[in-house]
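The structure appears below as structure tokens.
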Number of protein chains: 2
Amino acid sequence: MSAKLLTLKNKLQKRGARSERSGKAVVTPEAILETLRRRIAGQEIPPGAKLREQDLAAEFGVPRTRIREVFGTLESRGLIERIPHRGAVVTRLDMELVFKLYDVREVLEGLCARLATENVPSESWQDLVDHYNAPMANFLKDGDFDAYVDGYDWLRQRTIAAAGNPIAAQMLDSIYERTSFVIRRIIILPGRAEAGLEQHRAVLAAMRRGDGAEAERLKRLNMRSAKEALNKFRNYVL
Amino acid sequence: MSAKLLTLKNKLQKRGARSERSGKAVVTPEAILETLRRRIAGQEIPPGAKLREQDLAAEFGVPRTRIREVFGTLESRGLIERIPHRGAVVTRLDMELVFKLYDVREVLEGLCARLATENVPSESWQDLVDHYNAPMANFLKDGDFDAYVDGYDWLRQRTIAAAGNPIAAQMLDSIYERTSFVIRRIIILPGRAEAGLEQHRAVLAAMRRGDGAEAERLKRLNMRSAKEALNKFRNYVL
DNA sequence: GAACACAATATTGTTGACATATTTGGCGCC
DNA sequence: GGCGCCAAATATGTCAACAATATTGTGTTC
């Protein structure tokens with residue numbers, strides 16, 4: 001029996017080896033999904049806008065069925081809403097839902113901060129500590145928000161990667177793609193980036209000294225602070 | 001090996017059972033999705049088993065395209081894995097992934113406990129407090145695990161409903177449908193249900209007196225305790 | 001000129017047929 | 001008897017035509 005299994009395994013490996021598919025540039029569903037995700041996240045397609053299957057099928061040069069399939073995924077992630085026989089529209093975010101997304105984000109990012117601290121040697125955070133020391137402050141002073149946001153993304157992605165929890169990572173991803181434009185608007189609120197920077201430093205300090213529980217607590221405080229800023233300026237953000 | 005046996009079984013079933021479409025009863029994708037979810041969650045379809053589109057299409061009396069659509073959703077929820085040209089198999093859970101699911105579950109249930117406490121009048125928990133006082137203890141004493149599990153589900157669903165956060169609710173749902181069989185096995189571990197009951201009472205007491213922060217803290221402790229039990233008896237659970 | 005009914009158009013939903021890849025079964029060979 | 005190769009069978013992937021429904025446009029009536 002085991003010999004038989006071995007034979008089968010070899011055969012599979014042999015087959016799988018020659019996977020060179022040439023010619024005919026096919027547009028994969030993943031590529032379409034990614035493109036639409038980016039457009040919706042960047043508000044290139046505004047909330048409430050209708051997505052026509054035919055137009056998208058023509059644009060990507062694929063049959064309508066493929067677009068339909070992608071719509072299914074987009075719907076399950078909450079990025080679009082589908083009404084039977086009436087098509088798909090980009091989900092409209094109201095303030096209430098944004099707060100609920102932030103409540104979930106708070107606990108998930110807190111979790112990731114703790115797990116990250118526990119999983120990797122504390123020295124590995126030194127480069128981020130350094131970056132958040134002088135450079136990030138200078139970005140703010142110079143009004144270079146793009147560089148600041150890059151530094152923010154860097155910290156976030158490193159933390160999630162170090163946490164090593166694909167479940168949490170995927171959930172956070174689905175939150176980011178729904179709120180990325182909100183995040184960008186919060187950062188430019190008066191005084192918010194400065195306060196946030198100070199909080200990030202505190203979180204990083206806790207991570208640097210290997211205190212996972214404190215990193216989680218501080219990260220959650222940071223998220224609550226962001227939520228409060230959002231609430232204070234709600235009329236300017238949404 | 002077991003997959004092979006299952007294949008044979010399905011083939012036989014296909015021969016024997018006629019489609020038998022009664023009239024024009026249309027089966028919605030949602031119904032199919034729900035059925036498959038339940039089968040996978042209840043391990044009626046065991047992990048690693050292959051799902052054949054044709055068989056399912058014949059069983060539900062729908063075109064294969066519909067099954068395909070449902071597979072897309074199932075895949076995005078992590079319940080199945082699809083390999084190009086080789087079909088869909090039920091995701092196999094290893095211990096590592098279960099722990100990661102529990103880490104996320106811990107923070108999300110903690111969040112819901114807090115939100116629930118903050119959102120509804122504290123008196124509204126009295127019926128659950130009463131139920132967890134004597135009846136639940138009796139269920140355990142009598143070995144009536146079904147009744148105990150029902151009480152457990154009741155508390156959980158009430159908490160999530162009161163929390164009023166559809167994002168967290170959906171995420172927790174996707175965790176439950178992947179770990180429901182683990183939950184059932186943890187409960188019958190020696191001494192686990194008794195310890196759990198005590199912890200649930202503590203959480204409920206905090207909710208009853210309107211202390212959301214404490215409810216969250218206790219709920220998280222409860223989850224960690226469950227995770228420890230799971231770790232201790234890992235060889236018996238998975 | 002506004003409101004309604006009804007046809008024309010456009011868009012979404014459904015289906016079976018066809019194309020491609022993989023698994024299975026059989027044959028000759030060592 | 002085991003191993004590898006080739007063909008048949010089976011399963012999955014793709015597609016474009018057809019059906020059902022919603023939206024738009026038009027003409028008529030009050």
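Naming convention: chains lettered A, B, ... in sequence-line order (proteins, then strands); numbering from 1 in each chain.
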Whole Å only: how far is the [atom1] atom of [X] from the [atom2] atom of [N]?
| X | N | atom1 | atom2 | value |
| --- | --- | --- | --- | --- |
| B/E81 | D/dT12 | CD | P | 16 Å |
| B/E69 | D/dT12 | CD | P | 17 Å |
| B/Q54 | C/dG16 | CD | C1' | 13 Å |
| B/R82 | D/dA11 | CZ | P | 16 Å |

Of all the heavy-atom pairs spanning A/A215 and A/M207, show the shortest one and how long it is.
CB-CG, 3.7 Å
Give me each pair satisfying ring-ring contact (aromatic ring centres under 6.0 Å, His included) with a member in residues 143-165 of chain A, each pair once, sequence neighbours excluded.
A/H131-A/W154, A/Y152-A/H200
Quick one: which protein N/O atoms are closer than 3.5 Å to N/O atoms of nucleotides 17-20 of chain D? Pair and distance per line, please.
none

Not counting sequence neighbours, which residues clear side-chain contact (heavy atoms from CB on, under 4.5 Å) with B/E228? List them please.
none
Here the salt bridge (Lys or Arg N to Asp or Glu O under 4.0 Å) pairs for residues 160-170 of chain A, sequence neighbours left out, are none
Considering heavy-atom distances to DNA chain D, does B/I83 or A/R86 have its closest nucleotide positioned more toward the 5' end?
B/I83
Of the listed nucleotides (D/dT23, C/dT15, C/dT12), which one gets closest to any side-chain atom of A/E53?
C/dT12
Return yes if a side-chain donor-acceptor contact under 3.5 Å exists between A/S225 and A/R192, otherwise no.
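Distance-only check passes for A/S225 and A/R192.
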Can you give the donor-acceptor pairs under 3.5 Å from side chains of residues 70-79 of chain A to other protein atoms, not counting sequence neighbours?
| from | atom 1 | to | atom 2 | distance (Å) |
| --- | --- | --- | --- | --- |
| A/S76 | OG | A/T73 | O | 2.9 |

I need the residues from residues 45-52 of chain A with at least one non-hydrogen atom less than 4.0 Å from DNA chain C; give them sorted by number, or say none.
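Contacting residues: A/L51, A/R52.
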